[in-house]
Every structure is written in structure tokens, then in C-alpha cells.
Asks: 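Here's a structure for you.
As the structure is a prediction and not an experimental result, all values here were calculated from the model. Per chain, numbering begins at 1; letters A, B, ... match sequence-line order. Values below: every heavy atom of this structure, side chains too, minus hydrogens, waters and symmetry copies.
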Amino acid sequence: MSKYKEYKKLDFPAFEEEVLKNWQDNQVFEKSVSLREGQRSFVFYEGPPSANGMPGIHHVMSRAVKDMFCRYNTLKGFQVKRKAGWDTHGLPVEIQVEKTLGITKEDIGKKISVAEYNEACRKDVMKFTDVWNNLTQRMGYWVNLNDPYVTYDNNYIETLWNLLSRLFEKGLLYKGYTIQPYSPAAGTGLSSHELNQPGTYKDVKDSTAVAMFLLNDASALKPETERVYMLAWTTTPWTLPSNTALAVGANITYCLIKTIHPHTHELVSVVMAKDLVGKYFKPEQAELDFAAYQAGDKLLPYHISDEFKGEELKGLSYQQLLPFAQVENGDAFRVITGDFVTTEDGTGIVHIAPSFGADDFRVAKQNGIGSLTLVDKRGRFLDCVQDGVFLYGEEYVKEAYLTEDEKQKDLAIQKEKLSSVIKDTSKLNYLSVDERIILKLQTEGKLFKKEKYDHTYPHCWRTDKPILYYPLESWFIKTTAVKERMVELNKSINWKPEHTGTGRFGNWLENLVDWNLSRSRYWGTPLPVWRTADGSETRCIGSVNELQECIEAGKKAGFMPESFELKDLHKPFVDEVIFPSSKGEKMFREPDLIDVWFDSGAMPYAQWHYPFENKEIFEGNFPADFIAEGVDQTRGWFFTLHALSVMLFDQISYKNVIANGLVLDKNGQKMSKRLGNVVDPFATIAKYGADATRWYMISNSDPWDNLKFDIEGVAESQRKFFGTLYNTYGFFAIYANIDGFEFNPDKTTPLAQRTELDRWIYSKLQSLVKTVRQHMDDYDPTPAARAIEEFVCDHLSNWHVRLSRRRFWKGEMNEDKQAAYETLYECLLVVSQLMSPIAPFFSDWLYKNLNGKMESVHLTDLPEVIEAAIDTELEEQMDYAQRISSMVLSIRKKENIKVRQPLQKILIPLIDQRIKDEIVHVQNLILAEVNVKQLEFIDAIDKSIKPNFKVLGKKLGGKMKAGAALIQAMTQDQIVELESKGQLELQIEDEVFVIELGDVEILSKEIPGYKVANEGRLTVALDISLSEELRQEGIAREFISKLQALRKDSNLEVTDKIHILVGEHEYLKSSINQFKTYICTELLAASLEFASGKTLENTIDVDDNSIQVTIQKA
RNA sequence: AGUCUCGUAGCUCAGGUGGUUAGAGCGCUACACUGAUAAUGUAGAGGUCCGCAGUUCAAGUCUGCGCGGGACUACCA
């Protein structure tokens, strides 16, 4: 019975299934948590996925990241509980259900009741839970699926209500306005989702106007004229009556222009952005003489009298342009600055109507500017917007809202009313509100210019009519009230990558607006706010009990039927709750639902049904040590978590966060069903296994960079990293079993007694532990994975094992062999631990094959770094060994001398004694590796010199170029002088510098008569002359090699002894005689005889000579 | 349009504080190795380090302006 299991070949997906089964049968995940009971906890929050869509390959990515740090910290001794969660509310669920049922939103309440509809949503949303759970398990993502939080649970909702009521009590929940896309024709607000439907943006031709706003006191601008106007352009003249401010760009340059008023012909000054002057004035106009101007002349003379930044215009007040109503909710008619102002269109001065533009609204609010909303929800002017001539009140502001008939009727009215300003109204066509406002401005001397303008404008996808931006009532959370605090606390969060925290997230916080919570939908958490019809009394319910009391009061007051029982906190049931206010009036629920982002942002509290239950659990699990999601969650989950914890607890809710990038296809295209480039995670895992997939994803690029997912890369990870590691283990197992080696941790060979090669790899191993710990502690997994890979492939497999092979297969068990096994075993075991967070399956497979003492690698303690074992000097020495070997092999290659042919001597010319000491330590390794007999050091003869730019640059500065040339041109004598004296005077141009040894690098590039190779400061020469003895040994080696192949072809065990019969051949004769013992040892041959005359079974080829040979098992 | 980010070999990626032969792996070609063999070594081909300007003795690296890809936000007078 073998101690270490041997494998013929490894089927990755298949053994992963076995490992998985073992985890499940033995509850390894549960143990990994319970084992750490009483230890410090590492808190992780699971961002809930929505179970109504299929998981994609990007979920493997984000979950690999999550899993990795949870596992890693478990290894470090923390207890890491991971509660799974499901995001269950929201529009995508509704749309999915509507598709399935073949209904539209209008059918809700008609063809299907709200109760039935929501029931359908509840069922539909968990549709793919099985698929998700499968993926979770199969990819090795350890998360507790038995007790997940589900956002539609009554308990979950109750916590949300509690949080909302706390916000309400703090005065942070209020009802207010926001500017939203609104379709007057359909009578509804449109979500951004709806606005992004194809075809909503259409080209339209609008009448635009540049209006003239008269400044009240322009003396600060030192104008040369009495009147000074601000010029502002608009594509929606119908918003001008609602103008309350003008916005300029703080850093935009404006100018004051003296010119003639185009309609009143008086001398005036106007203000506009300097860059746009050319749009309104031609160069030749600047030449015109003001004195020569005659009323009616087409070309107006102008003159730029001054320039200033927008900042200087800030605060100026102006006369209301069209005074139909007064502003009551704030300041008005002032110049303010706005970051959105550009000089691409118009005049660089933006007319602000806060009710009809999101930017306008925001900038007005920031500056304390009030609003005018002179349009009603049907899209018509209020009654007050009339002057008896141009405007008549209660008329549609957009022509598109009228039918042809209505237009004709209006035309008749227009003909009559406009007769006072238009002489002949008989030919008049229907004039839109925009056109009549322009006409009015012109008549009143407030119009600078009018023109038609083509642009795109959003239309309602249902009615095809243009939308308006309109202020709608919504419930808000006053996040702006805690903005500073959020910015402050954000600085204590460790963001990976940092720029997402400081840049994207930081900027987002800086420009924060209040959080619009309202959603006019059906399937979601109902807003727990009840109000009286007149809005005079508002109540925010904070618990189910409280609501129950209200229900009782409602029943008592006769507002609700006695039979009413509240089982579900969703619509429509909560809407049926009506209860009395303090004055006995009916209170109704505000019909809105809340934003689903509130659901997920509240998960730290709601997952534990805090504060109704689990108070201690919550407190012990807040804030999170670590969360990770896609970067697209920056303004989603990352924000809502942060906002809620800051508002409710004045704390951060996560200390470390990884915002991972997208997973694109191999060409860098976003994966989409339409393009057919979606990668199926199940198929990938079925083919290559979860570990290779995970390893590829983590090692290929930093998690926060986008990953170009190439399935070939997964295959490569499997082949290269896992294949090499598997081979290394396989190699260990074969020989360990032959020698009956068994690792005993209590009785290992002291490090000091091991060979340099062993001490070297052990040192490398400790350095690796250190590196991996550092990177993982810093939430930087990619360098950790790459370091492990480099250790396994380059150092362990390709150097330590390769150079140690003979130690394993040669002779009986001895101390050196014992140490070799121990060293390799220790490396493999530690590697299994280090890699286990990333590759949980293979690592456990490896660990168990090595008979680790725990049940699973995931239950072990991560090894501490043994600093004392790190020998940087030795690592440096080995580096020399590797470089020198590589150089020798490269010379062999160039000279076409195969490695099997022994050579006599390596020569290394030396400048620096220290390097010699380093190399001497490892010279035997080098000689064995490159098959050379001896290594000698010689004094460099032909020296060359090179400036050390970094050092010399500081010394020479501007004379560097000339100096470098002079140094490189130094003679041998000069170099020798510099070496012996340690310094040398050198005249560079007109100055003399003292060059010291540290300023230059002296090296030897050539050795007369030898073949050399150079790399950096090292030069290696190889003596390629062949003595007869060397030649004979080469032949012996060639013979051994061919016979080894034959042994193998004959299916002999590596331990089998053999008898060899060789046909007589001149080429071999003397070599075999000379090296008989050596040959026999190498081939495990009991005998080696010449057999002349007999017919032998096999023919081998030794240096182009056909040799007859037979081998027999002894 | 704004904010952030990326742009180095055919592909995927490394390249602290600026320093002179710009690296690795994969792929390709050739050779070697063969008691780990679905591995391994060596060599070769392959680079305007996205472009332009600037700072500097010296720029892949720092600054500015562009170009191109991506993400997010906004949809604008």
C-alpha cells in the first residue's frame, strides 16, 4: 500500500467533483466556520444577486474574489461567517413577469389584480435559485446558502421600515420635487429605463431665441452705455416665463460688447462668452463707425470694451424677462455659476428655469434660487400666463400636443389678438407658443436674435409626443445633509483600486444630490408613510407592531373592515390600511415603493432583522471587514451601504472593498446574448474545472481591470500551473513510495544540515509565504497568485526538482535523500495552503495526498513566515547559478555541443571578489547542471567600462552626454589606473571631474581564445576543446541515455535490475570498458557483456552508429 | 458632454522614487533534453512603449494637448 497516492493521469473536473462530495459529506465548510468559534471574526457581506436571471461567467469572477479573501482569513484564524442573500425586488422582475404573462403595465389592476401580479413576481424571482446554487457549489464558493436573507421577506421589510422611520425622525426623509422626464400626453413620469428605449430621441426643428436680460446695476462692469444686457440662448422659449436665474461658467471668459440694439437701435452693451462673439458678429462689423449707424442698417457696429471671467459676473441681478408671476420659494433673477455651462452653443450664458431642467433645478437649489412652474401637468401654461396679445393662458406649450382642428381654432384667435402688432394677419399661419414668445420679446425689445435649430429631443415611447422635464413629487432621503460626513468617512475606507474610491466614488459624493427613493411600481418594498389627504399630518411606521396598532385604531374608527388581517407587507395589502390621524382624519399610505437599492444597502441590518432580533449578532458583524462587487456598483450598492451607515450610525459599513472590473470576451467586447459571445460558466468549469478558471481569472490581471476572458487562457493555467504542480507531486509520490519515505513533522532534518539547494528552496518558500501574505493582506491577489506560480514552476519544479532528481532515484535511503524528500514535501504542503484560497479544490486534493494532519487544507492554519530561514545571500547565489548555467547552455547551443557531452572547464573573468565568493558556493550545482568538470576564475584581461548613468548623472548634470562618451572611450591603461587608485580625473569640456569607481561599471566582455557569453555584469567563457577522455565519457553517456529509453520502452519498473548484452562495435568498445561501472550504476545493470556473433533483439543509435543490444530483467 | 480608467511583442500581461541592450508567459521557427514526458531547456524572429508638444544631461516612466477602447453619470441652454 502506497503511502502517497499515485495517479496515471488527472481529470481535473472529475477530481473536483470528488473533493466537492467530500466537502459536502463531511460538512467541511461548516467546520471551517465552527472551528474558529470564539476567535476574532472577519466580517464579510454578500452583495445579493438577483435570482431571476441566469448567472454568467462574470459571477464566477466576482465570487472567486469574495471567496478567496474569506478563505484566506479563515486560514489566518478568523471566524468568517458568510450569509448568502437574494435581491428580489425591482423593475427587471416586473418586466420578466409581464413578458411571461403576456401583459403590460396597463393591464395591472384590470386583467390581473395587484395581488396576483405580485404573487407572480414573488414566484418568478426565485426561478433560477437552483441554477445559482449549483454554480455556487460547483465553483467552490463557500457561502451559507441554508439561511439566506431574502429582500421580500416580511422581516427584511420590517427592518427597512424601521430604518426609514429613524431617518424620518432625524428629518432626513421628506417629500419634494425633482425634475423628471414626464409625458403630459400619457400623464406619467418616465424612468430613465423607459427613456432609453430605442427611437425615443427624435430630430426636431425648434424655434430658438437669444433673449436679452437687462442688468439692474452693471456699474461693476464699467460699461460705456446706460443699459447692459446679458444674452442667453434657449431652444425652449416656452420656459422663459419660468426663468429665475442665468448661469455662467466660472472659468469661461466673457466680454462686454458695445453695440446697437437690433430692434430699438439705441446704444447698448451686451455680455456673452468671448469664444462665441464670432457667432453673432462678423469681423467687418468691428470696423464700423458707431456715429455713422443709421436705424435700420443691417450690420451693427460693435466694440469689445472689456473682458472678465464668469466668476466676476456672479451675483449680478437682472430684471425679470416676462413677469407673469413672482418667485416665492427663494431668491431670483441673479447670475449664478454652473459647472455645466459650455461655449459650444448659444452665448455661454444659460437661461435657468429650475422647473424644467435637471441641471437648472440642481444649480438653482445650490444657489438658493427659487422656481416658477408656469406649466401644468397636462403641458399647458397656467392661466396667469397671458397678456391678451401674444399669450392667452391655459394653452399647450408644445405644438405637438395639439390636433389640427385645435390649431385651426387657435389660429382664429391669434389672428384677432395679434392684429395690434401684425398689420396683415390674413396670411398668418398658426404660431406656436415658442414663436409667439419670440414675437413678444422682439416687440418688447428683449430679443437679440432668433433662429431655427435642429437637435434631438426625447419623446414618450408610448404616445410619440415630446416629453417635458417637469417637477414631480417624490420622497427623498436628504443625503446632502450628511455629504461632508460621507466624504470624510469615505477616506477611511480601503478602496481597491484606490482611484475608484477617490475618483469615481469620491466625485460622486462631492456632487451628491438627495436620494430619490420613490418608485411608482408594484413589486417592491412599500414606503411606510401614511398621510392625511391634505398632507398636514405625516406618519412613518417603524415596525409591524406599530402598524398593527394603527390597524386596530383604523378598525375602531370604522375606516377598515374588522376582518382585515395583514399578512404580507407588500402592495396591495398595506394600501388597505387606513387609520386616524391625531385629529381623527383618515391617513392613507403614500402609494410609492422605495428604490431597490435601499433594500440592498440595508442588508447589514435587515439580514439579521435588526433591531427586532439578533442585536448582538448585528453588532458583532458591523461594519464589514470586506466586500467586493463589480465597479458598476459604485453608485449602487457601495453607495447605499455607505449612505445608510453614515446616516444611521455615523460609521462606515465596510473597511475594505474591491471593485472588480467587467468580464469581456477575448476581443474586449462586452458579452451579450445579441453578439453570441457569452461564456457559459458551467461549460467552462465542466471542461477545465473551477480551479483553473479561478486561477486564470485571478492571475491574469488585477481584479479591478477588465478581464478579456479567453478560454485558451484557462487551458494554459491548467497546463502550466496545475500540470506542473501535479507532475511535481507525482514525482515526489513515485520515489517517496519506493523509498518508503514518510513525512514526520516532529523529526525533520535541521535546516543547517540540508544542502544549499534545499536551504535555497526553503528560503524561497519562506519568501513566498511572506509575499503572499503581504499581497493578500493588502487585498491584492494577482501578484500573490503570480508569485505562487513562479515559485512552483520556475523555482520548485524547474530548478530544485530538476537538479535534485538524481538525489531521489540514486541509491538507498540516506540522510541527503531524507532531507530532499522533506524539503520537497514541505514546499508542496505550504504551497497547498497558500494556493487554497484561490484554487480550493486542487489544494485540498494535494493536501490530502500529502496526508496533511487536518481533514482539509481549508481547516489548517496559514504558516507564519520563518524569517530565520530566509537567506537572501543564498538566493542571490542561486541566482548566479541559474544565470551562469543558462549562459553556458547558450554557448553549448551556439557551438552545437550537446549537454551530454562533458566539457572540461568554465572560466569566469572577475572584477569583483564578492561575486566570486557567491559563485563558489554554488559551483557544484552549475557544473552538474551544464555537465562541465571544473570552474575557474581568472583576472579580467580585456576590460570595458561603462558609465553608471544613475550615479554619474547627478554628478555631471548637463555634461552627462559628453562625459559618457569620454568614459566609454577610456583606454585599458586608464581603466587600470581608475581601478588601482579608485579614482581618475577626467576633463569634460571645460571642467575637470573626479571619476570614482562607483560612477562606472567595469566588466570583461572578451576572453581571448574562448567562447563567451555576457549578461549584465557577468561574463562566462567555456572551454570547448575535447580531450579523448571527455569524448569517451560522452559516448558512455549517450549509450546510457539510449538504454534508458529502451528500459522504459520495455516497460521495466524504475527499480528493476537488468542484464545487458551489447553487440561488438568499435565506436563503443573503449568507452564501455572505461566507464563500465558508471554505466552499470546508472542503468541498474547487474551485468554488462559484449556478445559477439549473437543476434540481439534491439538496435539503438549511438552518434549515428547502429548498435545491437538486448536487455533482460535480472 | 463630464468624471474615472486603460493603451508596452501576434495574444495576455510585468515594468517602486525618471538612468542607456524595455521583460515574462503563450503562440511561431529551429535545435536539444528524455528515469517528471499531455512536461522541460536553449536560441531565433517579433517593439515608432497610441500620437504630438513640453520639462530634463536623460522620458515607457513626469506635465499638457490630442487619438482610440472601456465604465459610469448626464442628456443639456
Asks: Can you identify which nucleotide, out of B:A71, B:U40, B:C76, has its nearest atom closest to the A:R504 side chain?
Replies: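 Among B:A71, B:U40, B:C76, the one nearest the side chain of A:R504 is B:A71.
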Asks: Let me spell it out: for each of A:V899 and A:R802, pick the nucleotide of RNA chain B with the closest heavy atom. Which residue's pick is nearer the 5' end?
Replies: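 Closer to the 5' end of RNA chain B: A:V899.
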Asks: With the threshold set at 4.0 Å, does a side-chain nitrogen-carboxylate oxygen contact exist between A:E1038 and A:K1042?
Replies: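 Yes.
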Asks: OP1 or OP2 of B:U42 versus the side-chain N and O atoms of A:R892: is any pair under 4.0 Å?
Replies: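 No, because none of the side-chain N or O atoms of A:R892 sits under 4.0 Å from OP1 or OP2 of B:U42.
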Asks: Side chain of A:N798, heavy atoms from C-beta onward: which of B:U12, B:G41, B:C75 has the nearest atom to it?
Replies: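 Selected nucleotide (nearest to the side chain): B:G41.
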Asks: Is the ring pair A:F808/A:F731 parallel, tilted or perpendicular, if the boundaries are 30 and 60 degrees?
Replies: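 Geometry flag for A:F731 against A:F808: perpendicular rings.
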Asks: With a 3.5 Å cut-off and heavy atoms only, can you find an N or O donor on one side and an acceptor on the other between the side chain of A:T634 and the base of B:A71?
Replies: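 No, the side chain and the base share no sub-3.5 Å donor-acceptor pair.
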Asks: Using heavy-atom distances to pick each residue's nearest nucleotide on RNA chain B, tell me which of A:T500 and A:Y735 is more 5'.
Replies: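 Result of the comparison: A:T500.
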Asks: What orientation do A:Y729 and A:F732 show, parallel under 30°, tilted 30 to 60°, or perpendicular over 60°?
Replies: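 A:Y729 vs A:F732 ring planes: tilted.
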Asks: Out of B:G70, B:C26, B:A36, which nucleotide sits closest to the side chain of A:E716?
Replies: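 Looking only at side-chain atoms, A:E716 lies closest to B:C26.
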Asks: Any carboxylate oxygen within less than 4.0 angstrom of a Lys/Arg side-chain nitrogen, looking at A:E1082 and A:R1037?
Replies: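 So A:E1082 does not pair with A:R1037 through a salt bridge.
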Asks: Looking at B:G19, B:C26, B:A36, which one has an atom nearest to any side-chain atom of A:N727?
Replies: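 The answer is B:A36.
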Asks: Taking the side chain of A:R786 as its heavy atoms from C-beta onward, which of B:U5, B:C13, B:A36 lies nearest to it?
Replies: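 Of the candidates, B:C13 comes closest.
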Asks: What nucleotide, of B:A39, B:U42, B:C57, holds the atom closest to the side chain of A:R719?
Replies: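 Given the options B:A39, B:U42, B:C57, the side chain of A:R719 is closest to B:A39.
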Asks: Classify the side chain of A:K950 and the base of B:U17 as holding, or not holding, a donor-acceptor pair under 3.5 Å.
Replies: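 Check passes, donor-acceptor contact within cut-off.
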Asks: Quick one: which of B:A36, B:C75, B:C26 gets closest to the side chain of A:A358?
Replies: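 Within the option list, the nearest is B:C75.
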Asks: Checking contacts here: which listed nucleotide (B:G70, B:G25, B:G19) is nearest the side-chain heavy atoms of A:F949?
Replies: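 Per side-chain heavy atoms of A:F949, the pick is B:G19.
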